[in-house]
Amino acid sequence: MMIKPRIGFVGAGLMGHGIARNLLTKGFPLALRVHRNRAGAEDLFALGATEATSNADLARNADIVILCVTGAPQVEEVVLGADGIASAARQGLIVVDTSTSEPATTTRMRDVLAGQNVRFVDAPLARTPVEAEQGRLNIMVGADDATFAELQPTFAAFCENIVHAGPPGHGIVLKLINNFIAQAICTATAEACAAAAKSGLSIRKLHQVISAGAVNSGLFQLIVGRMLEGNDLTGLRFTLSNAAKDLRYYTHFTESMMLPSIVGEAVHQSLVTANALGFGDRYVPSLIEAQEKLAGVSIVPADAS
């Protein structure tokens, strides 16, 4: 039987919890670095996870360290901060960053760790915490062919679709473009609902037509379909503050190439507006609530079941 690599894990939150649980149930030795919600990790310790005292401690005792944190500042802190991974990383260690970060940060981490003969792999995720618990995430990996092959058995423990995006750096680029398209759909959906409500058009008729045609999408159904089923604006469990952060990273990326991003900037500012209105801690479907405030209309039908 092949010996499974030792995993160090940072970020067992909404997405990370399911990843860590699947790794443990599939026989991977796993050590956790818990920052805030230790109670939420108790079941992972019950499954055999050990607790690391620092990020450096993870690096000393793991073959692969997986990061699942909020964004670029958190990635830099875990890798380069006090008692960070870089302070104790040894030759041969692989650091896998599943966070949605900035391409410039990914490049910097990769270059810093390369000087210690440590590989830094960008491998952001798609789907939701539900699929994380089910072991059915999608992952986009930026790595050379040999490193990708080496990591595939580990990714298979918590992913349904493993995409080799290309060389180092291409994983995070693919993720940012993916999230731009996703948030463009979400912001357009909320704005369309506001236009319908303001004009007096039935939201149910809008839903009926979109559902029957090529414009339909899973995201549309998570927003409008769930809203009509029972005033549910929690179908897409991704906060508006994170959505705005991801679009900020996307527009930084396009600007770095002097690529006009007219739609990207509009989507970004739509998300910034929702945050400014106080909805940052709510999920993306609360773009509907932001539009209600902006347009002075009631979008959620009174007869929602």
Side-chain angles (χ1 to χ4, degrees), residues 2-11 15-16 19-20 22-23 26 28-30 55 58-69 71-72 74-76 78-80 84-127 135-180 246 249-250 252-254 256-257 259:
M2 182 180 294
I3 297 175
K4 290 182 169 62
R6 298 169 299 166
I7 307 295
F9 198 91
V10 182
M15 289 287 277
I19 296 170
N22 276 286
L23 287 164
K26 288 161 189 174
F28 288 82
L30 187 138
N55 296 320
L58 279 182
R60 290 187 194 98
N61 299 291
D63 303 303
I64 300 169
V65 173
I66 298 176
L67 314 182
C68 188
V69 295
Q74 292 76 24
V75 171
E76 292 194 9
V78 170
V79 176
L80 302 179
I85 289 170
S87 69
R90 69 189 189 289
Q91 181 174 337
L93 178 69
I94 304 176
V95 180
V96 176
D97 182 19
T98 68
S99 319
T100 301
S101 186
E102 293 216 56
T105 297
T106 295
T107 299
R108 183 182 176 213
M109 298 302 102
R110 187 169 63 245
D111 291 347
V112 167
L113 292 175
Q116 299 170 247
N117 291 313
V118 171
R119 287 169 284 176
F120 184 89
V121 175
D122 52 301
L125 304 163
R127 291 187 168 171
R136 296 179 52 248
L137 290 170
N138 296 340
I139 194 164
M140 296 153 263
V141 186
D144 60 74
D145 291 345
T147 301
F148 177 73
E150 187 176 347
L151 289 170
Q152 268 194 296
T154 301
F155 293 149
F158 58 90
C159 294
E160 181 175 37
N161 297 299
I162 304 169
V163 177
H164 189 188
H170 280 206
I172 190 60
V173 168
L174 179 54
K175 176 60 187 294
L176 292 180
I177 294 172
N178 175 84
N179 280 22
F180 157 58
D246 288 1
Y249 290 172
Y250 171 77
H252 286 174
F253 166 63
T254 56
S256 73
M257 301 184 294
L259 174 71

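Bear in mind that the values here come from a model prediction, so they are computed numbers and not experimental data.
- Summarising the geometry of Gly135 relative to Asn22, their closest heavy-atom pair is N-ND2, 3.4 Å, with the distance given to 0.1 Å.
- Met15 places a side-chain heavy atom less than 4.5 Å from the side chain of Leu125.
- Side-chain contact between Val112 and Val118 is absent, with no heavy atoms from C-beta onward closer than 4.5 Å.
- Between the side chain of Asp122 and the backbone N or O of Gly169, at least one donor-acceptor pair lies under 3.5 Å.
- Under the 4.5 Å side-chain criterion, counting only non-hydrogen atoms from C-beta, Val79 is not in contact with Asp97.
- Under the 4.5 Å side-chain criterion, counting only non-hydrogen atoms from C-beta, Leu23 is in contact with Ile66.
- Of all heavy-atom pairs spanning Gly142 and Val121, the tightest one is O-CG1, 3.5 Å.
- Side-chain atoms of Arg90 come within 3.5 Å of backbone atoms of Ala59 as a donor-acceptor pair (strictly under, hydrogens ignored).
- Of the possible donor and acceptor atoms, none in the side chain of Ser101 sits under 3.5 Å from a partner among the backbone N and O of Gly71.
- Here the closest heavy-atom approach between residue Thr100 and residue Tyr249 is recorded as O-CE1, 3.4 Å.
- If you take CD on Glu102 and CD on Glu76, they are separated by 9.0 Å, rounding to the nearest 0.5 Å.
- Rounded to the nearest 0.5 angstrom, Ile162 CD1 and Leu137 CG are separated by 10.5 Å.
- The closest side-chain heavy-atom distance from Leu93 to Ile85 is below 4.5 Å.
- The two residues Gly84 and Asn55 have their closest heavy-atom pair at CA-CB, 4.1 Å.
- At least one donor-acceptor pair under 3.5 Å links the side chain of Gln116 to the backbone N or O of Ala86.
- A distance of 7.5 Å separates CZ in Phe28 from CD1 in Ile64, rounded to the nearest 0.5 Å.
- Contact check for Asn179 versus Tyr250: no side-chain heavy atoms found under the 4.5 Å cut-off.
- A donor-acceptor distance shorter than 3.5 angstrom exists from the side chain of His164 to the backbone of Ala143, with no hydrogens or angles considered.
- Of all the heavy atoms in Pro124 and Gly171, the pair that sits closest is CG-O, 3.3 Å.
- A 4.5 Å side-chain heavy-atom check between Val96 and Phe155 finds at least one atom pair inside the cut-off.
- In this structure, Lys26 contributes its side chain and Ala157 its backbone to a donor-acceptor pair below 3.5 Å.
- For the atom pair Asn117 CG and Arg119 CZ, the distance stands at 10.0 Å (nearest 0.5 Å).
- Contact annotation: the side chain of Lys4 never approaches that of Asp63 to less than 4.5 Å [non-hydrogen atoms, C-beta and beyond].
- Smallest separation of non-hydrogen atoms from Cys68 and Phe9: CB-CZ, 4.1 Å.
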